[in-house]
4 protein chains.
Amino acid sequence: MTTAEQRTGEGRQRRRRVDAERNVHALLESAKAVFARSGVDAPAREITDAAGLGVGTLYRHFPRRADLILGVLQHEIDACADAALAMRSDEAPYAALRAWVEQYVELVATKRGLAGALHSADPAFEGLHDRVTERLEPAAAALLADAHAAGEITGDVSARELLYAVGLLCQPVPAADFGLAENRRMVEVFVGGLRSG
Amino acid sequence: MTTAEQRTGEGRQRRRRVDAERNVHALLESAKAVFARSGVDAPAREITDAAGLGVGTLYRHFPRRADLILGVLQHEIDACADAALAMRSDEAPYAALRAWVEQYVELVATKRGLAGALHSADPAFEGLHDRVTERLEPAAAALLADAHAAGEITGDVSARELLYAVGLLCQPVPAADFGLAENRRMVEVFVGGLRSG
Amino acid sequence: MTTAEQRTGEGRQRRRRVDAERNVHALLESAKAVFARSGVDAPAREITDAAGLGVGTLYRHFPRRADLILGVLQHEIDACADAALAMRSDEAPYAALRAWVEQYVELVATKRGLAGALHSADPAFEGLHDRVTERLEPAAAALLADAHAAGEITGDVSARELLYAVGLLCQPVPAADFGLAENRRMVEVFVGGLRSG
Amino acid sequence: MTTAEQRTGEGRQRRRRVDAERNVHALLESAKAVFARSGVDAPAREITDAAGLGVGTLYRHFPRRADLILGVLQHEIDACADAALAMRSDEAPYAALRAWVEQYVELVATKRGLAGALHSADPAFEGLHDRVTERLEPAAAALLADAHAAGEITGDVSARELLYAVGLLCQPVPAADFGLAENRRMVEVFVGGLRSG
DNA sequence: CATGAATGAGGCTTCATTCAT
DNA sequence: AATGAATGAAGCCTCATTCAT
């Protein structure tokens, strides 16, 4: 009996948590889409309507806008950082750097406006910068160091500079037909420039 | 009598025209300063207050925000385009390209947010893109062509790509201590990348 | 079997009743504390969090805010009314009146905002006024009548007036450093004024 | 000509200022009425609708709620303070004190909820407290000192305490049929209490 | 032409209350 | 009976834009 009751209790709690998680997920998905379309400053309503939820729900789970942005990026930032490890052992230093930057481009370029958020001075975005600093910067630094050690690149571009420069190059300019393809090409040129630093 | 009246009329008109021009100038100067400080989306009041004029005056001369931005950039865009000519004859092709890009960086980097405006899909900014296309693109194209002909660069980066890529690299990222100095360094790396395209 | 089932049923019911009472008690205690700190309009969450319960539980037991306020005050109102009886026989009339008012001050002054609720025109607070009328007013009236009969006070201040006047004097004015000590002193002056009415 | 132009200029400015002043006045009148009916926390819309103006106009002239409250009270506070002077010379000390308090009651009692604002700890209301401190407190202090000197009152109730105590006694309690008449009577009792302090 | 007061749409955010589990 | 996630109305405030003077 006691066991059964406890199970029921657990079941209930888990169920609620599952529903809430579904909503959180829906909000993140919706936010990702809306961010890509209208930028990270899009009205909250646009996001909640797309998710089929009330604004209150958004504010419950993501009190500040930065929390939502961070929520959208978190996993991808971590995955990207982890990927660097694999690439270091799989490829020659400069090739690994190139390959990893390509992956980083996917992360940043496919989210219109996130690059913008990344650049905000608003203290609310601290978490975002921290995450980048903690996870992405060491990854980039390691790849740069490898390539340096192998004599494949010169100059003194830091990991931080690389990340933000590539982030900037990944913003689309719709009015000038400057899109993802152009972003990629420009990043390639930039990475090429590291060799002749 | 008639003559006198006409003179009076003319005098007034001329006076007004002169006054109006003074105001337009004051607004452009003020806008340039405010854009640099608070970005191109700064409240209209910030600009008119700094110019010591009323908001109505701003709207009379620059009905849409894009008109004001274009007004601010116009002269500098033209000057920058004209400078290319001088550089072509004065320096070796790649050196000329580098030097001109440096000048272009001054144009874009010193106006926080203008780069952003340059990238907006808002149809209101058409005029801006047109100006860039008409004046800057030919200048950049000529310099690129020279360098290509001299075998100093390879690859197929277009003038338009060069302009927008450099424009993107010129945005500051205050939260990451990524400022004008970094902008310049990153542009250098990018231009270096043109050689190894 | 039947008996066993009934017993189980009763057991559960009793258990629930006991738990529910515990919750009601926890909510009243928490509400008392929160009312004292943040006033009677404090967010429901503040109360439930402090009680370690869900908001739903609060609404089950106290559907309207007034129900909660009444719940908090009920016992104290009754105790205060009962105290009047003891005081009447223990002390000289005016002294008894003073002593009782002091006790009433404790009731009202230590619950920031309750005085305010007491004064609301909101029909939801009817119950509160009723309780005051039914329990406190007769007590105050008796003490006033005694003092009158003894010739220790004059004037025609009614029991109701006394109660509400003292209630008003018991509100703190934080911005003016006007707190409980001042409340007490002002009430003393007021009660002194009854003599010279 | 120059003179005529300047006059026109002045006329225009004055005209605009006059219109704006009319609006400011309308807002203050409306606010006074709304404050009296719904308290000083009434929605901004209620005030602007009653004044026939847009919310923006309210915020232009009274950016913070406290500014509006202060605007409503300012003149009356000053007038009340000035009246004290006349009373000191016209009447016997205690009589003057009584008369002045009666006038103060008119100031506070006829504005439901202003008393509440007077008591807020919100830093936005500093201006209000300051005004009371600067204007009303000296007036009350002088009257109290006179009465003390004349031996007509005893005790050590300060000017500040008098002001806030009377302010508190002037709040109506609609649900208990405790209105302006009762406010006045209770204040009388309180002032009577100063004699027997 | 210049002015700046007025407008009000639009976005943000909080919190009382409901209700599925 | 308890829970707390979800809801959305309601109020706040800003600012682009208009328009009477």
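Keep in mind it's a predicted model, so treat the numbers as computed, not measured. First the proteins, then the strands, lettered A, B, ... as listed; each starts at 1.
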**Message:** Between A:Val55 and D:Ala44, which residue's closest nucleotide on DNA chain F lies nearer the 5′ terminus?
**Reply:** A:Val55

**Item:** Closest-nucleotide 5' rank along DNA chain F - winner of C:Gly52 and D:Asp41
**Value:** C:Gly52

How many Å lie between [atom1] on [X] and [atom2] on [N], as a whole number?
X       : N      : atom1 : atom2 : answer
A:Asp19 : F:dA5  : CG    : C1'   : 9 Å
B:Asp49 : E:dG4  : CG    : C1'   : 10 Å
C:Asp67 : E:dT17 : CG    : P     : 11 Å
C:Leu58 : F:dG4  : CG    : C1'   : 13 Å
D:Ile47 : F:dC13 : CD1   : C1'   : 14 Å
D:Tyr59 : E:dA9  : OH    : P     : 16 Å
B:Glu46 : F:dT14 : CD    : P     : 14 Å
C:Leu27 : F:dA1  : CG    : C1'   : 13 Å

Reckon [X] has a side-chain N or O less than 4.0 Å from the OP1 or OP2 of [N]?
X       : N      : result
B:Arg60 : E:dC1  : no
D:Arg65 : F:dC12 : yes
D:Thr57 : E:dA5  : no
B:His61 : E:dA2  : yes
C:Asn23 : F:dA1  : no

**Item:** 5′-ward residue of the pair C:Gly56/D:Leu53 relative to DNA chain E
**Value:** D:Leu53

**Asked** Can you tell me the Watson-Crick or wobble partner of F:dA20, both distances under 3.5 angstrom?
**Response** E:dT3

**Request:** First locate atom OG1 of A:Thr48, then atom OH of A:Tyr59, and finally report the distance between them rounded to the nearest 0.5 Å.
**Result:** 9.0 Å

